[in-house]
Amino acid sequence: MSSPDGIKQRGYWGSGLGFVLAVVGSAIGLGNIWRFPTEAGQSGGGAFVLVYIIATFLIGVPVMMAELAVGRRTQRNPVGAYRSLAPGSGWGLAGGFAVFTGLIILSYYSVVAGWTLKYTWIAFSGSLHGATPEAISATFNNFIQDPGPVLGCHLLFMLITIRIVMGGIQHGIERAAKILMPVLFVLLLLLVVRSLTLPGAAEGLSFYLKPDFGMLDVKVILKAVSHAFFSLSLGMGAIITFGSYLSPKQNLVSSAVWVSCADFLIAFLAGLAIFPAIFSVPGLEPDAGPGLIFVVLPNIFNAIPLGHLFGAAFFILLAIAALTSAISMLEVVVAFTIDELGWNRRRSAIAVGSVIFLLGIPSALGNGAVPLFAGTLDFVNEYFGGMGLVLGALLVSLFVGWKWGTGNAVEELERGRGTFRLGQVWGFLIRFVCPLAILTILFQLLRG
Ligand code: TRP
């Protein structure tokens, strides 16, 4: 192997394909299938979707290339990466901010992932088979108000995540991503077909795809842009960390493009499955909030022969998609403690994972179980999953564009592929378009 010793000790990807699939695994998760329809539904549908698409390709793709370049050049966790490219400056703090954001995001992400575990069981048991839409909604509301099962599922999900991260990069992450993502894709296609053929589907399609520009205010734009970062796993150093395990042969530019296309495709299909069904079933509303897919999907399964088995398969695959994303978030913090604090991988995964479990308890119990924690999940989802990532992405683009320099970054991007002909365009996007777009939004937001 031509890889430097440093990579060998920290772990490295078994193959280029394994890496791309692992980044796809990180990108595709609850963000695509849970968060995207939830946010789009709350923010008026088509207008949100349009901004999300533009943000993904105009800002997300360039930022992903920037994170990959920083990661591979430094072969370090986010804190070490910033520090080693700008020694003696305050930039290490930007890495610290990224690691902290990741910790908080995973704490509530795991709670929702726990819901998918529970729903795998609910679907499989057949208890919602043939149930009325009201009964389906009631099942969800009863579940999230019951502390025991909600905490149990959150715990179970964190334990599995910890176990895989303990096993290290290659064995844990690559294997899970390789096999299961294609199966999820096929199931999602089936759901789309069923949903689009439900009576009343057209109304949902038009909500989803026809932008109502009256809905576009700065809040919606911020939500759509930050969701693009969330969905692509950007802004908290996950892609820096994954890039740090890369061999010099990998083509970073095409990796970023492929990953983003795959991620967008899955989110888009999820919307095509969810929105027609919402408008076809009486009593369902697009702005239902975090429970949206858990009350919509069972109604679709009920319109499919053997739907409860489909449902169980779908939820377990969604849980696995969430797992490959959660792994990438935990890996960021674990890589930080290994590189900077000298911990070993096992101890770090257990300690950090336990802290994250504890931090997630208010999000788990804030949905009706414990009044004191009411609204925690929505709050952290909005401020850390939203604003935190936007700030993280702003820092990455400022750092790469103005501190480390796009010349150095392009040099890194050209390793393993040859001349990057659009390098200038990329540099312009990273130096000007990304930071200015983000700063404009933040400025408008402050003005109220
Ligand atoms: N992108 C993942 C999803 O869509 C979630 C995720 C994983 C993430 N790693 C991240 C989000 C890093 C932000 C930052 O479900």
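Only this structure's heavy atoms are used, side chains among them; waters, hydrogens and symmetry mates stay out. As the structure lists them, so they are numbered: ligands from 1, and atoms in each ligand from 1. Throughout, numbering of the chain's residues begins at 1 and tracks the sequence.
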**Donor-acceptor contact present, side-chain Trp34 to main-chain Ile293, <3.5 Å** = no
**Fill in**
Taking every heavy atom of Ala201 against every heavy atom of Leu196, the minimum-distance pair comes out as CB-O, 3.4 Å
**Asked** What is the minimum heavy-atom distance between Leu117 and Ala319, and which atoms define it?
**Response** CD2-CB, 3.8 Å
**Asked** Quick one: does Ala27 get within less than 4.0 Å of ligand 1, heavy atoms only?
**Response** yes
**Prompt:** Considering only heavy atoms, does Leu389 approach ligand 1 within less than 4.0 Å through its side chain, its backbone, both, or neither?
**Reply:** side chain
**Request:** For Leu30, counting its heavy atoms only, list the atoms of ligand 1 lying under 4.0 Å from any of them.
**Result:** 15 (O)
**Request:** Could you find the nearest protein heavy atom to atom 15 (O) of ligand 1 and give me its residue, atom name and distance?
**Result:** Tyr109 OH, 2.5 Å
**Message:** So that I know where these two stand, are Tyr208 and Phe268 an aromatic pair - ring centroids less than 6.0 Å apart?
**Reply:** yes
**Request:** Number the atoms of ligand 1 from 1 as they appear, then name those within less than 4.0 Å of a heavy atom of Ser328, with their elements.
**Result:** 7 (C), 9 (N)
**Prompt:** Please state which protein non-hydrogen atom is closest to atom 14 (C) of ligand 1 and give its distance, to 0.1 Å?
**Reply:** Met236 CG, 2.9 Å
**Message:** If the cut-off is 4.0 Å to any non-hydrogen atom of Asn32, which atoms of ligand 1 fall inside it?
**Reply:** 4 (O)
**Asked** Are Phe143 and Phe294 near enough that their ring centres are under 6.0 Å apart?
**Response** no
**Complete:** So the atoms of ligand 1 within less than 4.0 Å of a heavy atom of Met329 turn out to be 5 (C), 6 (C), 7 (C), 9 (N), 10 (C)
**Message:** With heavy-atom distances below 4.0 Å as the criterion, list the atoms of ligand 1 near Ser231.
**Reply:** 1 (N), 4 (O)
**Item:** Closest protein heavy atom (residue, atom, distance) for atom 11 (C) of ligand 1
**Value:** Phe230 O, 3.2 Å
**Message:** Can a side-chain donor-acceptor contact be found between Thr74 and Ser84 if the only test is distance below 3.5 angstrom?
**Reply:** no
**Request:** Would you please indicate if the ring centroids of Phe310 and Phe314 are separated by under 6.0 Å?
**Result:** no
**Message:** For a side chain to side chain contact (heavy atoms under 4.5 Å, CB included) check, start with the C-alpha distance between Phe379 and Tyr108, then their side-chain angles and the critical distance, and finish with the verdict.
**Reply:** CA-CA 10 Å; Phe379 179 84; Tyr108 79 88; over 6 Å; no
**Asked** Which heavy atom of the protein is the closest neighbour of atom 2 (C) of ligand 1, given with residue, atom name and distance?
**Response** Ser26 O, 3.1 Å
**Item:** From CG (Leu191) to CD1 (Ile304), nearest 0.5 Å
**Value:** 5.5 Å
**Request:** Please state whether Trp34 comes within less than 4.0 angstrom of ligand 1, counting heavy atoms only.
**Result:** no
**Item:** For atom 7 (C) of ligand 1, the protein heavy atom that lies nearest, with its residue and separation
**Value:** Ser233 OG, 3.3 Å
